[in-house]
Amino acid sequence: MFKIAIIPGDGIGIDVTKEAVKVLEVFRDKRGTPIELNFFDYGAEKYLATGISMPDEQIEEFKQKYHAIFIGALGDPRIPDMAHARDILLGTRFKLDLFVNYRPVRLIDPKLCPLKDKTIEDVNFVVFRENTEGMYVGVGGHLKKYTDEEVAIQTSVNTYKGLERTIRHAFEFAKEQGLKEVTMSDKSNALRFEGDLWQRIFESVGKEYPDIGSRHLFIDALVMQLVKRPEQFQVIVTSNMFGDIVTDLGGQLQGGLGIAASGNLSPGQVSMFEPVHGSAPKYAGKNIANPIAAILSVQLLLEYLGFNEEGKLIESAVSTAIVSDKTTRDLGGNLGTKEVGDFICEQISKNL
Ligand code: NAD
Ligand code: IPM
Ligand code: MN
């Protein structure tokens, strides 16, 4: 039995998680997929009411007893500094050492691409984002806070181990998938020290994979090329911060954040899956949010656990929804969150 923790979180996270859970329930109840779903109410409401964000014992329980975690989204305008979200989201990523963030970018239907004349083959790459280091580590501080001499320092931390395992993961993925090239992107022309480490590790790991090309692009050139000719990319590996930015762009290339999925991985250990999007507070509770990013994140989760047939069933049901415009309005359809979830569940049930 595989134990899955579900944290709907805040805003539209709650709406889209309901639909993602419906998909998991179809597999559990109609196919007998051996999964157990356990729900956790970590998020803004709990934090505001109790001051509890994500206790360390909870993280420990996830580590010891769970196989996967699903998070809807976090973020609430009543907590402008995102304190709870940092603990829950970044806490899960950091404390479970989910060192690589896998963010596939795959165009399902050409009509969704904002670029002219792009086919589904043209927009089909993955981004591996280093997930526990860089600018996100929280090293820094303020000096003379609230004075006109205030100083704010935010340090980027890059370890040999952190970069090596992320870069290696990208090459291993390319090897398994029979892909021909990995592109590493940094800003080594300006950020010398971390750039130097990224460059050296990328070169040395790349040498171990002689059949796979190694290519480097500065991050500004990468975003330009992603819009100009996305078809040149298969696998991109980059830092935490650049990976965050580039995957919102990637999300838009496939039709918007409403369909961009991700997996925060520590291969062989409990890992966490979530849509790339946030809590979009203005759409919360209105049956407007697109549940497909959440449902495709469930696909990644099930595949991670080895349920590849289930993964294929989700992929094909989502494609049918998109091709036949059974979608929310961000994708040009006129259904609500719940109705899209229902349609996808019906498609899956039909094909079981
Ligand atoms: P957001 O991703 O929540 O929304 C940006 C815009 O993208 C929305 O206004 C909407 O137009 C579109 N969008 C996003 N998800 C959609 C969906 N499922 N269906 C349809 N349209 C969708 O980003 P934001 O507005 O910058 O952030 C809102 C809050 O979410 C903030 O508190 C932010 O920090 C947080 N956030 C959380 C996560 C996360 O939990 N992983 C990710 C990003 C942002
Ligand atoms: C994401 C989000 C998070 C990040 C935020 C909410 C901290 O934007 O998952 O892409 O920057 O990693
Ligand atoms: Mn982001």
Side-chain angles (χ1 to χ4, degrees), residues 7-20 42-44 47 53-54 69-94 98-103 105 112 114 127-138 154 238-252 254-265 272-298 318 321-322 327-341:
I7 305 174
D10 304 329
I12 63 164
I14 296 171
D15 308 338
V16 299
T17 300
K18 276 194 192 117
E19 307 314 311
Y42 300 113
Y47 180 70
S53 52
M54 172 66 85
I69 303 165
F70 178 90
I71 297 186
L74 292 151
D76 186 296
R78 292 169 296 173
I79 312 171
D81 66 356
M82 288 279 281
H84 74 303
R86 265 201 309 280
D87 287 353
I88 299 168
L89 187 68
L90 300 184
T92 304
R93 290 179 186 168
F94 284 35
L98 308 180
F99 66 86
V100 64
N101 197 326
Y102 168 46
R103 296 189 157 183
V105 177
L112 297 184
V127 178
F128 288 108
R129 165 185 179 191
E130 195 291 316
N131 211 33
T132 56
E133 300 191 352
M135 298 284 274
Y136 278 67
V137 291
Q154 193 86 46
T238 189
S239 66
N240 210 339
M241 176 61 84
F242 297 149
D244 176 45
I245 297 166
V246 126
T247 53
D248 264 32
L249 188 146
Q252 207 57 44
Q254 52 185 326
L257 286 180
I259 62 174
S262 79
N264 299 257
L265 312 178
M272 185 267 277
F273 300 81
E274 52 168 351
V276 171
H277 67 71
S279 59
K282 67 179 179 201
Y283 296 144
K286 296 190 175 146
N287 199 36
I288 288 175
N290 188 345
I292 289 180
I295 291 170
L296 291 176
S297 301
V298 160
V318 166
I322 288 176
T327 51
T328 43
R329 62 191 194 192
D330 54 306
L331 297 188
N334 56 16
L335 298 186
T337 310
K338 179 179 174 304
E339 290 68 33
V340 172

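Whatever order the structure lists ligands and atoms in, that order sets their numbers, starting from 1. Note that the structure is a prediction, hence the values are computed from the model and not measured.
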Quick one: does [atom] have a protein heavy atom under 4.0 Å from it?
atom	result
atom 32 (O) of ligand 1	yes
atom 39 (C) of ligand 1	yes
atom 12 (C) of ligand 1	no

contact_flag V276 ligand 1 heavy-atom lt 4.0 Å: yes

Assess A293 for proximity to ligand 1: is some non-hydrogen atom of it under 4.0 Å away? no

Check the side chains of [Y] and [X] for a donor-acceptor pair under 3.5 angstrom, ignoring hydrogens and angles.
X	Y	result
D10	H84	yes
T337	E339	no
R329	N334	no

[X], any N or O under 3.5 Å of ligand 1 N or O:
X	answer
R93	no
G258	no
L74	yes

Where's the contact between [X] and ligand 1, heavy-atom distance under 4.0 Å: side chain, backbone, both or neither?
X	answer
T328	neither
D330	side chain
I71	neither

With a heavy-atom distance limit of 4.0 Å, tell me whether R103 approaches ligand 2 through its side chain, its backbone, both, or neither. side chain

Proximal ligand 1 atoms for [X], defined as those under 4.0 Å from one of its heavy atoms:
X	value
A280	3 (O), 4 (O), 28 (C)
A73	40 (O)
G75	32 (O)
L257	2 (O), 7 (O), 14 (C)

Of all the non-hydrogen atoms in the protein, which one sits nearest to [atom], and at what distance?
atom	value
atom 11 (O) of ligand 2	Y136 OH, 2.6 Å
atom 41 (N) of ligand 1	E274 OE1, 3.2 Å
atom 18 (N) of ligand 1	N290 O, 3.0 Å
atom 3 (C) of ligand 2	L89 CD2, 4.0 Å
atom 8 (O) of ligand 2	D244 OD1, 3.2 Å
atom 14 (C) of ligand 1	H277 CB, 3.6 Å
atom 29 (C) of ligand 1	S279 OG, 3.2 Å

Looking only at heavy atoms of [X], does any of them come nearer than 4.0 Å to an atom of ligand 2?
X	result
R93	yes
H277	no
M135	no

Can you check whether G11's main-chain N or O pairs, donor with acceptor, with S279's side chain at less than 3.5 Å? no

Sorted by chain and residue number, which protein N/O/S atoms are under 2.8 Å from the Mn ion (ligand 3)? D244 OD1

